[in-house]
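Whatever order the structure lists them in is the order used to number ligands and atoms, beginning at 1.
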Amino acid sequence: MADGASRTSPNIVITGTPGTGKSTHAQLLANESPIPLRHINVGDLVKEKGLHDGFDEEWQSYSVDEDKLLDELEPLTAEGGIILDWHTCDAFPERWVDLVVVLRCDHTKLWDRLEKRGYPLKKIQENNEAEIMNVVIDEARSSYAEEIVVELQSEGMEDLEGNVARIVQWIQAWQNDRGTTG
Ligand SMILES: Nc1ncnc2c1ncn2[C@@H]1O[C@H](COP(=O)(O)OP(=O)(O)O)[C@@H](O)[C@H]1O
């Protein structure tokens with residue numbers, strides 16, 4: 001069974017309330033990483049591969065079939081070098097994951113981002129409240145070892161660039177620790 005010790009590239013989860021900047025971070029990280037990383041937008045994968053039990057009109061979201069999702073992701077994560085971009089993280093087994101980045105954003109900024117995205121008011125309120133109530137960071141801390149969970153602010157471009165530079169440094173250190181560089 002593949003675990004962190006057998007991977008030559010790390011698997012990185014980028015999580016956070018919708019609108020905190022997961023996809024933006026994941027794309028920049030995939031571009032700037034010293035090793036090839038594949039960005040998987042889990043929400044898009046669920047839609048493309050039909051890994052759900054239908055669309056919930058009230059909440060404007062898919063009811064994800066987690067068993068199907070995990071079966072789809074298992075062989076990909078076994079190889080390593082994956083960025084998992086999703087608004088929740090506790091479904092992913094600990095053995096898959098080397099680093100969990102939880103993005104945070106001031107709730108008024110988040111509200112504006114979600115409004116621009118055209119979300120219905122109910123969905124904006126739900127997500128805004130989740131950010132205020134620390135839902136995703138609490139979930140990450142209760143699902144993974146403390147030392148692999150990193151909480152980062154994502155409010156401006158300087159945050160984005162600094163966060164990605166920090167994750168790149170972490171990747172280099174991860175490789176050095178395992179003697180997989182060069
Ligand atoms: N650190 C940041 N600085 C400025 N704008 C950001 C930042 N992070 C995200 N955004 C903007 O917020 C919006 C939502 O970002 P996105 O990456 O799609 O979020 P998520 O994947 O978490 O739903 C986008 O318009 C993006 O450009």
Under 3.5 Å between some N or O of ligand 1 and some N or O of His25? no

Can you see whether Trp174 has Arg178 sitting over its ring - NZ or CZ less than 6.0 Å from the centre and within 45° of the normal? yes

Among all the protein's non-hydrogen atoms, which is closest to [atom], and how far away is it?
atom                    : value
atom 24 (C) of ligand 1 : Thr24 OG1, 4.5 Å
atom 21 (O) of ligand 1 : Ser23 N, 2.9 Å
atom 2 (C) of ligand 1  : Gly156 O, 3.5 Å
atom 19 (O) of ligand 1 : Gly21 N, 3.1 Å
atom 8 (N) of ligand 1  : Ser154 OG, 3.2 Å

Judged by modelled atom types alone, do Ser143 and Glu94 share a side-chain donor-acceptor pair under 3.5 Å? no

If you measure only the distance, is there a donor-acceptor pair under 3.5 Å linking the side chains of Ser63 and Asp53? no

Would a 4.0 Å cut-off, counted as strictly less than, catch a protein heavy atom around atom 10 (N) of ligand 1? yes

Can you give me the closest heavy-atom contact between Lys47 and Tyr62, atom names plus distance? CG-CE1, 3.2 Å

Please could you name the atoms of ligand 1 that Arg117 approaches to less than 4.0 Å, counting only its heavy atoms? 14 (C), 16 (P), 18 (O), 19 (O), 20 (P), 23 (O)

What's the separation between atom CG in Asp177 and atom CH2 in Trp170, rounded to the nearest 0.5 Å? 9.5 Å

Does at least one non-hydrogen atom of Gly16 fall below 4.0 angstrom from an atom of ligand 1? no

Is Glu74 paired with Arg95 through a side-chain N to carboxylate O contact shorter than 4.0 Å? yes

For the pair Arg104 and Glu131, find out whether any cationic side-chain nitrogen is under 4.0 Å from an anionic carboxylate oxygen. yes

Counting heavy atoms under 4.0 Å, the part of Arg113 that contacts ligand 1 is side chain

